[in-house]
**Q** 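The structure's right below; bear with me while I get my questions together.
Both ligands and their constituent atoms are indexed starting at 1 by order of listing.
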Amino acid sequence: MALRPIICIPDPLLRVHCEPVLKIDEEIRVLMDDMLETMYEAPGIGLAAIQIAIPKRVVVMDLAKADHPPEPRVFVNPEIIWSSPETRIYEEGCLSIPDYYEEVERPSRVCVRYLDREGLTQELEADGLLATCLQHEIDHLNGVLFIDHLSRLKRERVIKKYTKAAKLNEPIAPSGPRTRDRIR
Ligand code: GNR
Ligand code: NI
């Protein structure tokens, strides 16, 4: 297992459309394990492969509460096959936009089809934080960030701040999303 550096905006890699995984082989299993380790260390509740600069459609997640056993999940080639007409608003953060949080409105429930660790097709109907997080991560696979769901003013303000900081080589935050979202 290995920790891999997480890339941040304005890195253009965060805007690429990621490639489907054709075969779940040892290389992909190593990637999943490295992503989980990197996510736990950040700490975050989800991570898309592109956040460690790998343009493949792989997502990891763990929504288990801090005092509960870990529940690592992996989703390969996840697709939203149904979204509820009802929406919910949740305050999101992103490890690639450290220290910035804003409310995002998304469908409150989704049905997702994906391949599991063994390469078997699975379908999952999700609500609550799982539904929000799945949509946040699937957006990453398509080069979309949660700030793209905000007003243009808010989005441009954030991008400008991080672009300036990157030019001056100033780290914006040493750690990941604040403890409220952190579960472990
Ligand atoms: O750790 C994370 N917390 C979070 C909180 C609300 C909605 C989405 C997320 S995902 C984020 C980790 C991350 O950036 N995944 O891409
Ligand atoms: Ni994110």
**Q** Should Arg106 and Asp139 count as an ion pair when the cut-off is N to O under 4.0 Å?
**A**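 Counted as a salt bridge, because a side-chain N and a carboxylate O are separated by less than 4.0 Å.
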**Q** Taking only non-hydrogen atoms of Glu91, do any sit less than 4.0 angstrom from ligand 1?
**A**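 Contact check Glu91 vs ligand 1: positive.
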**Q** Side chain, backbone, both or neither: which part of Glu92 has a heavy atom under 4.0 Å from ligand 1?
**A**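 Looking at Glu92 and ligand 1, atoms from backbone and side chain both fall under 4.0 Å.
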**Q** Where does the angle between the aromatic ring planes of Tyr114 and Phe75 fall among parallel (under 30°), tilted (30 to 60°) and perpendicular (over 60°)?
**A**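 Perpendicular.
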**Q** Indicate if Val144 and Val112 have the same hydrophobic cluster label, given that clusters are the connected sets of ILVMFWY residues with side-chain heavy-atom separations under 4.5 angstrom.
**A**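 Per the 4.5 Å side-chain linkage, Val144 and Val112 are not co-clustered.
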**Q** At a non-hydrogen distance cut-off of under 4.0 Å, which region of Tyr90 contacts ligand 1 (side chain, backbone, both, or neither)?
**A**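 Tyr90 to ligand 1: side-chain contact only, backbone stays beyond 4.0 Å.
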**Q** Please compare Gly46, Gly44, Ala42, Pro98 and report which has the shortest non-hydrogen distance to atom 13 (C) of ligand 1.
**A**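 It is Gly46 whose heavy atom sits nearest to atom 13 (C) of ligand 1.
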**Q** Given Gly93, Cys133, Ser96, which has its nearest heavy atom closest to atom 11 (C) of ligand 1?
**A**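 Considering heavy atoms of Gly93, Cys133, Ser96, the nearest to atom 11 (C) of ligand 1 sits in Gly93.
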**Q** Tell me the closest heavy-atom pair linking Gly93 and Tyr101, and the distance in Å.
**A**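 Distance-wise, the nearest heavy atoms are CA-CD2, 3.8 Å.
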**Q** Under the side-chain contact (heavy atoms from CB on, under 4.5 Å) criterion, do Arg113 and Thr121 qualify, and how do the steps go?
**A** CA-CA 7 Å; Arg113 184 181 294 147; Thr121 301; 3.7 Å; yes
**Q** Using a cut-off of 2.8 Å, find all protein N, O or S atoms closer to the Ni ion (ligand 2) than that distance.
**A**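 Only Cys94 SG, His136 NE2, His140 NE2 fall inside 2.8 Å of the Ni ion (ligand 2).
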**Q** Would you indicate whether the side-chain heavy atoms of Leu134 and Met61 approach each other to under 4.5 Å?
**A**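 A side-chain contact exists here, since the closest heavy-atom pair is under 4.5 Å.
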**Q** Quick one: does any side-chain atom of Arg15 pair with a main-chain N or O of Gly143 as donor and acceptor, under 3.5 Å?
**A**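 Side chain of Arg15 to backbone of Gly143, a donor-acceptor pair under 3.5 Å: yes, one is there.
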**Q** Looking only at distances, please establish whether an N/O atom of ligand 1 is found under 3.5 Å from an N/O atom of Glu137.
**A**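 There is such a contact, yes.
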**Q** Using distance alone, determine whether Thr132 and ligand 1 share an N or O pair under 3.5 Å.
**A**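 No.
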**Q** Answer with yes or no whether the hydrophobic clustering places Leu14 together with Val158; edges join I, L, V, M, F, W, Y residues whose side-chain heavy atoms lie under 4.5 Å apart.
**A**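 Yes, Leu14 and Val158 fall within the same hydrophobic cluster.
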**Q** Taking only heavy atoms of His140, which atoms of ligand 1 are found under 4.0 Å from at least one of them?
**A**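 Selected atoms, number and element: 16 (O).
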**Q** Measure from the side-chain N and O atoms of Ser96 to the backbone N and O of Gln51, and report whether any donor-acceptor pair falls under 3.5 Å.
**A**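 Checked: no pair found.
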**Q** Please work out which of Leu95, Ile6, Ile45, Val59 has its closest non-hydrogen atom nearest to atom 3 (N) of ligand 1.
**A**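 Going through Leu95, Ile6, Ile45, Val59 one by one, Ile45 has the nearest heavy atom to atom 3 (N) of ligand 1.
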**Q** Is there a path from Val16 to Ile9 through hydrophobic residues (I, L, V, M, F, W, Y) whose side chains come within less than 4.5 Å of each other?
**A**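 Hydrophobic grouping puts Val16 with Ile9.
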**Q** Taking Cys18 as the fixed residue, which of Asn77, Leu13, Val59, Ile50 is the one that meets the side-chain contact (heavy atoms from CB on, under 4.5 Å) rule?
**A**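 Answer to the side-chain contact (heavy atoms from CB on, under 4.5 Å) test with Cys18 among Asn77, Leu13, Val59, Ile50: Ile50.
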**Q** Can you list the atoms of ligand 1 that are under 4.0 Å from a heavy atom of Cys94?
**A**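 Answer for ligand 1: 14 (O).
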